[in-house]
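Here is the structure we will look at.
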Amino acid sequence: MKHSRVVCVLSGGGAKAAAHVGSIEALAERGIHPAHYVGTSMGAVIAACFASGLTYREVLKRVVGISRRDVAAFSPSAVLGPFAAHLFQSQPLKKTIDRIVPVETFDGLEIPLSVTSVDADTGESVIFGAGGRQDVALADALYASCALPLYYPPARIGGRTFVDGGMRAVLPLDVAELFDPDILFAVDVGPSLYAEPPDKELPVPAMLRAYGQAIRILMATQTEEVVARCRRKNVPLVLVQPLREQDATFAIDAIVSFVEEGYRATHRALGKWLGEGHDSQDPGTLQE
């Protein structure tokens with residue numbers, strides 16, 4: 001590949017962010033190594049793992065070891081129904097981030113990382129790490145990027161309140177463009193307007209389902225807009241969109257299949273972009 005400075009953008013998407021693990025392995029198999037990572041929500045957590053220097057196998061082992069209670073432990077206040085401040089406890093997710101990301105500070109990373117979040121009071125997009133605030137513990141910044149309203153309590157850092165970066169851009173291409181990319185490689189597993197409905201509707205309360213539908217429309221529309229803006233510019237964009245499924249944010253039992261689909265979709269996208277004719281071919285399977 002002629003392009004030397006690859007900025008890798010990993011979207012939010014909950015459990016579907018496991019696809020990023022397979023995508024990064026597919027890049028490595030082609031000799032492509034990101035010079036900078038930009039991530040939102042769980043995409044930021046996966047980016048932090050690779051930016052810390054962990055190998056594919058090491059990241060895979062950590063990710064497949066996650067259980068539902070590690071990221072979605074119900075808050076005692078959830079019994080209050082519509083009067084609850086949030087559904088899940090923050091501590092299990094924070095402990096999981098601490099466990100799978102081996103570095104405590106942005107300075108300790110081997111590859112620059114930018115993590116996006118949103119100031120809950122102003123609505124302003126905030127960057128932690130490279131290009132932004134680095135006076136924050138890495139785990140705190142990652143939790144702030146994951147703190148989706150209604151599901152998790154907001155993060156409190158330096159007297160400010162922060163929520164999930166996906167509230168402004170689940171695929172932060174605009175942020176990635178700040179870092180002088182030669183090429184943008186982006187993996188989008190966030191909400192989509194074209195997502196397939198689940199085969200079996202999950203038993204979700206009507207109010208929560210309505211909230212999820214609203215978030216899906218807002219985030220998916222934002223993604224389409226930011227991709228369109230990016231494509232009008234001069235920097236080439238390789239966009240991988242491996243998963244188009246609704247109601248899979250907490251599908252922890254499907255993590256392995258998400259990793260595999262990220263791997264296959266990335267090989268197809270790269271083959272098509274490089275004119276190799278691989279877009280219709282099966283790149284094979286990952287080795288565990």
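Throughout, numbering of the chain's residues begins at 1 and tracks the sequence. Basis for what follows: all heavy atoms, side chains included, without hydrogens, waters or symmetry-related copies. This is a predicted model, so every value here is computed, not measured.
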Measure the spacing between [atom1] of [X] and [atom2] of [Y] and express it to the nearest 0.5 Å.
X: Leu142; Y: Asp98; atom1: CG; atom2: CG; answer: 9.5 Å
X: Gln241; Y: Leu171; atom1: CD; atom2: CG; answer: 8.0 Å
X: Tyr152; Y: Ser41; atom1: OH; atom2: OG; answer: 8.5 Å
X: Ser117; Y: Asp140; atom1: OG; atom2: CG; answer: 11.0 Å
X: Asp70; Y: Ile97; atom1: CG; atom2: CD1; answer: 11.5 Å

Should [X] and [Y] be counted in the same cluster of Ile, Leu, Val, Met, Phe, Trp and Tyr side chains packed under 4.5 Å apart?
X: Met167; Y: Leu208; value: yes
X: Val227; Y: Leu218; value: no
X: Phe185; Y: Leu274; value: yes

Can you confirm whether Glu104 is buried at CD, in the sense that more than 12 heavy atoms of other residues, nucleotides or ligands lie under 6.0 Å from that atom? no

Heavy-atom count around Arg99 CZ within 6.0 Å, excluding the residue itself: above 12? yes

Can you list every side-chain hydrogen bond (donor to acceptor under 3.5 Å, both in side chains) pair that touches residues 167-179, not counting sequence neighbours?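 Every side-chain hydrogen bond (donor to acceptor under 3.5 Å, both in side chains) pair that includes a residue of residues 167-179, provided the two are not neighbours, is Asp174-Arg229, Glu177-Lys233.
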
Quick one: which residue pairs count as a side-chain hydrogen bond (donor to acceptor under 3.5 Å, both in side chains) with a foot in residues 82-97, not counting sequence neighbours?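 Residue pairs passing side-chain hydrogen bond (donor to acceptor under 3.5 Å, both in side chains), neighbours aside: none found.
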
If only side-chain N and O atoms count, and only distance matters, is there a donor-acceptor pair under 3.5 Å linking Thr40 with Ser11?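 The criterion, which ignores hydrogens and geometry beyond distance, is not satisfied for Thr40 and Ser11.
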
Assess the residue pair Phe128 and Phe106 against the criterion (ring-ring contact (aromatic ring centres under 6.0 Å, His included)); give the C-alpha distance rounded to whole Å, side-chain angles, the decisive distance to 0.1 Å, and a yes or no. CA-CA 9 Å; Phe128 293 112; Phe106 284 98; 7.4 Å; no

Under 4.5 Å between any side-chain heavy atoms of Tyr143 and Leu93, yes or no? yes

Under the ring pair (Phe, Tyr, Trp, His ring centres under 6.0 Å) rule, what pairs show up with a residue in residues 27-49, not counting sequence neighbours? His36-Phe179

Are the side chain of Arg5 and the backbone of Asp180 linked by a donor-acceptor contact shorter than 3.5 Å?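 Checked: pair present.
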
Evaluate Thr221 against Ile217 for side chain to side chain contact (heavy atoms under 4.5 Å, CB included), listing each step before the verdict. CA-CA 6 Å; Thr221 301; Ile217 293 168; 4.2 Å; yes

Pair Glu261, Arg264 - check salt bridge (Lys or Arg N to Asp or Glu O under 4.0 Å), show working. CA-CA 5 Å; Glu261 179 53 27; Arg264 291 191 295 267; 3.1 Å; yes

Given ring-ring contact (aromatic ring centres under 6.0 Å, His included), test Phe88 with Phe250 step by step and report yes or no. CA-CA 12 Å; Phe88 301 135; Phe250 295 100; 5.2 Å; yes

